[in-house]
Asker: 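After the structure tokens below, expect a handful of questions from me.
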Number of protein chains: 2
Amino acid sequence: MSDDSKSSRDRLVDAMESLLWERGYADTSPKDVLKRAQVGQGSMYHFFSGKHELAVEAIRQNVRRAFGGHELLEGTGSPMDRVERCLRYPRQGVRGCRVGRMTQDPQVFDDPDMIGLIAGAFEGQLSLWEKVIRQAVDARELPAGINPSDLARTISAVIQGGYVLARAAHAQEPMDRAIEGLIGLLEAVRIDRVPDFPR
Amino acid sequence: MSDDSKSSRDRLVDAMESLLWERGYADTSPKDVLKRAQVGQGSMYHFFSGKHELAVEAIRQNVRRAFGGHELLEGTGSPMDRVERCLRYPRQGVRGCRVGRMTQDPQVFDDPDMIGLIAGAFEGQLSLWEKVIRQAVDARELPAGINPSDLARTISAVIQGGYVLARAAHAQEPMDRAIEGLIGLLEAVRIDRVPDFPR
DNA sequence: GTCTATAGACGGATAGAC
DNA sequence: GTCTATCCGTCTATAGAC
């Protein structure tokens, strides 16, 4: 992260990236960034116009890191298997979502550059979910009455809300159970399986 | 809110309450609070030891206001009707949840007093959801295989995550659709109705 | 109770030497 | 490119008059 082999510029972006996740934009000062990056004050203002420009770059990198991997949703298995696999992918709830948490920071929310990156990341993620759900409906794993676009947002919301519940409780459990609850519903509507319970 | 008929103390709590919602703890200064409350500096330090104590009081009031009304979940109608009614209760997604947003603020997250109030609020809310879902299962509106405790967390997460999606998009729509997606799943597993689609 | 004045530290940014 | 010195404003809290 603050790898000596990296350039000062990269170290600054890495430091800002982690601080945005841990403390948010408003509560992160240039001084904090410099300290974590092990870089002098002049360097930061050499590469960036200031805190804002560095944060934009860090969010860009953050978004790539968080929502970059599409393997889970586009890999092997039936559409619903992929959905469940991706839902069960381990997420550290108490740490919060490095992308979602930014939406709560008013200075990020009000800034077109920063919120634009966040919005784009969610749009990309949502279209992936929507695509695999549509495949599940086409494959008759889900009933035709399901709205893939809505359900994609439901799934994304459960994950994001799971982070919120986990942080409120200082525990992973609420998030895992929120996701299990969703999987329970998905299993119950899945039409290629005999339900475990009487209908 | 900054009603002249209220005491300075109440005005301070009201002002801090709204600022915590709009800007969070870290980015709200005593000066901001005093300005909004139309109160001088001395008054605040007369009633409270400082920013922290005032914020604790404001969060206490905030939590009461946000999660106080249990009418929707405990009113008339079948359990599932109440669930859907409460889910469709209008929420201003772009503004975010005044309780959930606090979990992202590290200074709140790390403070036992403040996070304790937030955690308690969620626990109360979750037990209400759990209760009505259990009633729905008992009334055979939902299959016996449903885990009420998990599903309660799923529902709460969809609402919280809906706020996140709405703020990311600067639009109400994603939140409403996330909730509609959840209702769609709930309707699909509901056993007292003939599904609209072939199974 | 409420006010103004003040304190000490930190915020974010600039200047200019090397 | 990187450093130190410096600037002005704000943050949080205290002091003390009224």
Side-chain angles (χ1 to χ4, degrees), chain A residues 1-59 102 105-114, chain B residues 1-59 102 105-114:
Chain A
M1 221 41 153
S2 10
D3 190 343
D4 277 3
S5 71
K6 287 197 173 185
S7 71
S8 289
R9 201 197 124 98
D10 289 346
R11 302 239 298 285
L12 284 164
V13 175
D14 287 347
M16 178 59 103
E17 188 193 355
S18 59
L19 283 167
L20 283 180
W21 188 10
E22 293 167 25
R23 297 152 56 69
Y25 183 80
D27 206 26
T28 293
S29 71
K31 203 175 179 179
D32 298 329
V33 181
L34 301 177
K35 188 179 173 188
R36 181 165 299 199
Q38 300 273 54
V39 158
Q41 211 156 0
S43 301
M44 168 173 155
Y45 287 99
H46 171 73
F47 292 112
F48 304 96
S49 64
K51 176 182 174 179
H52 174 263
E53 195 174 299
L54 172 54
V56 170
E57 198 54 39
I59 291 176
M102 301 270 83
D105 203 315
Q107 297 187 48
V108 172
F109 180 81
D110 291 334
D111 182 85
D113 296 324
M114 296 194 280
Chain B
M1 221 41 149
S2 8
D3 190 344
D4 276 3
S5 70
K6 288 198 173 183
S7 71
S8 289
R9 201 198 123 97
D10 289 346
R11 303 238 300 284
L12 283 165
V13 176
D14 286 347
M16 178 59 104
E17 188 193 356
S18 59
L19 281 167
L20 283 180
W21 189 8
E22 294 167 24
R23 298 152 55 68
Y25 184 81
D27 205 25
T28 293
S29 71
K31 201 176 181 179
D32 297 330
V33 181
L34 301 177
K35 188 180 173 187
R36 181 164 300 197
Q38 299 272 55
V39 158
Q41 211 156 0
S43 302
M44 168 173 155
Y45 288 99
H46 172 71
F47 291 112
F48 303 95
S49 63
K51 176 183 174 179
H52 174 263
E53 194 174 302
L54 172 53
V56 170
E57 197 53 40
I59 291 176
M102 303 270 84
D105 204 315
Q107 297 186 50
V108 172
F109 180 81
D110 291 334
D111 181 85
D113 296 325
M114 297 195 279

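What you see is a predicted model, and the numbers here were worked out from it, not measured in a lab.
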Asker: Check whether any side-chain N or O of B/Ser43 sits under 4.0 Å from OP1 or OP2 of C/dG1, and answer yes or no.
Answerer: no
Asker: Need one value for B/Gly42: base, sugar-phosphate or nothing, where a base atom within 4.0 Å counts as base even if backbone is also close, heavy atoms only.
Answerer: base
Asker: Could you tell me whether a side-chain N or O of B/Asp32 sits under 3.5 Å from a main-chain N or O of B/Ser29, the two making a donor and an acceptor?
Answerer: yes
Asker: How many whole angstroms separate atom OH of B/Tyr45 from atom C1' of D/dA17?
Answerer: 19 Å
Asker: In Å, rounded to the nearest 0.5 Å, how long is the span from CG of A/Leu34 to CZ of A/Arg11?
Answerer: 11.5 Å
Asker: Over how many whole Å does the gap from A/Glu53 atom CD to C/dG12 atom P extend?
Answerer: 16 Å
Asker: Counting heavy atoms from C-beta on, name the nucleotide in C/dT4, C/dT2, D/dT2 closest to the side chain of A/Ser8.
Answerer: D/dT2
Asker: Which nucleotide in the set C/dG11, D/dA5, C/dA5 lies at the smallest distance from any side-chain heavy atom of A/Lys31?
Answerer: C/dG11
Asker: Which of the following nucleotides, D/dT2, C/dT2, D/dT14, is nearest to the side chain of B/Phe47?
Answerer: C/dT2
Asker: So, taking the atom named CG in B/Asp110 and the one named CZ in A/Arg23, what distance separates them when rounded to the nearest 0.5 Å?
Answerer: 9.5 Å
Asker: Between P on D/dT12 and CG on A/Asp27, what's the gap in Å once rounded to a whole number?
Answerer: 10 Å
Asker: Look at all strands and tell whether A/Gly40 reaches a base, only sugar-phosphate, or nothing, counting heavy atoms closer than 4.0 Å.
Answerer: sugar-phosphate
Asker: Given atom CG of B/Asp10 and atom P of C/dT2, what is their separation to the nearest angstrom?
Answerer: 11 Å
Asker: I'd like to know if the side chain of B/Lys6 reaches the main chain of B/Leu12, judged simply by a donor and an acceptor atom lying under 3.5 Å from each other, with no hydrogens or angles considered.
Answerer: no
Asker: For B/Met114 and B/Tyr25, what are the C-alpha separation, side-chain angles and deciding distance, and is it a side-chain contact (heavy atoms from CB on, under 4.5 Å)?
Answerer: CA-CA 10 Å; B/Met114 297 195 279; B/Tyr25 184 81; 4.0 Å; yes
Asker: Please state how far atom NE2 in A/His46 lies from atom C1' in D/dT2, giving the value in whole angstrom units.
Answerer: 9 Å
Asker: How many Å lie between CZ on B/Phe48 and P on C/dT2, as a whole number?
Answerer: 11 Å
Asker: Separation of B/Met44 atom CE from D/dT14 atom P, in whole Å?
Answerer: 10 Å
Asker: Closest to the B/Gln41 side chain: C/dG12, D/dA13, C/dG1?
Answerer: D/dA13
Asker: Less than 4.0 angstrom between a side-chain N/O of B/Ser29 and OP1 or OP2 of D/dC11, yes or no?
Answerer: yes
Asker: When the distance from CG of B/Leu19 to P of D/dT12 is rounded to whole Å, what number comes out?
Answerer: 12 Å
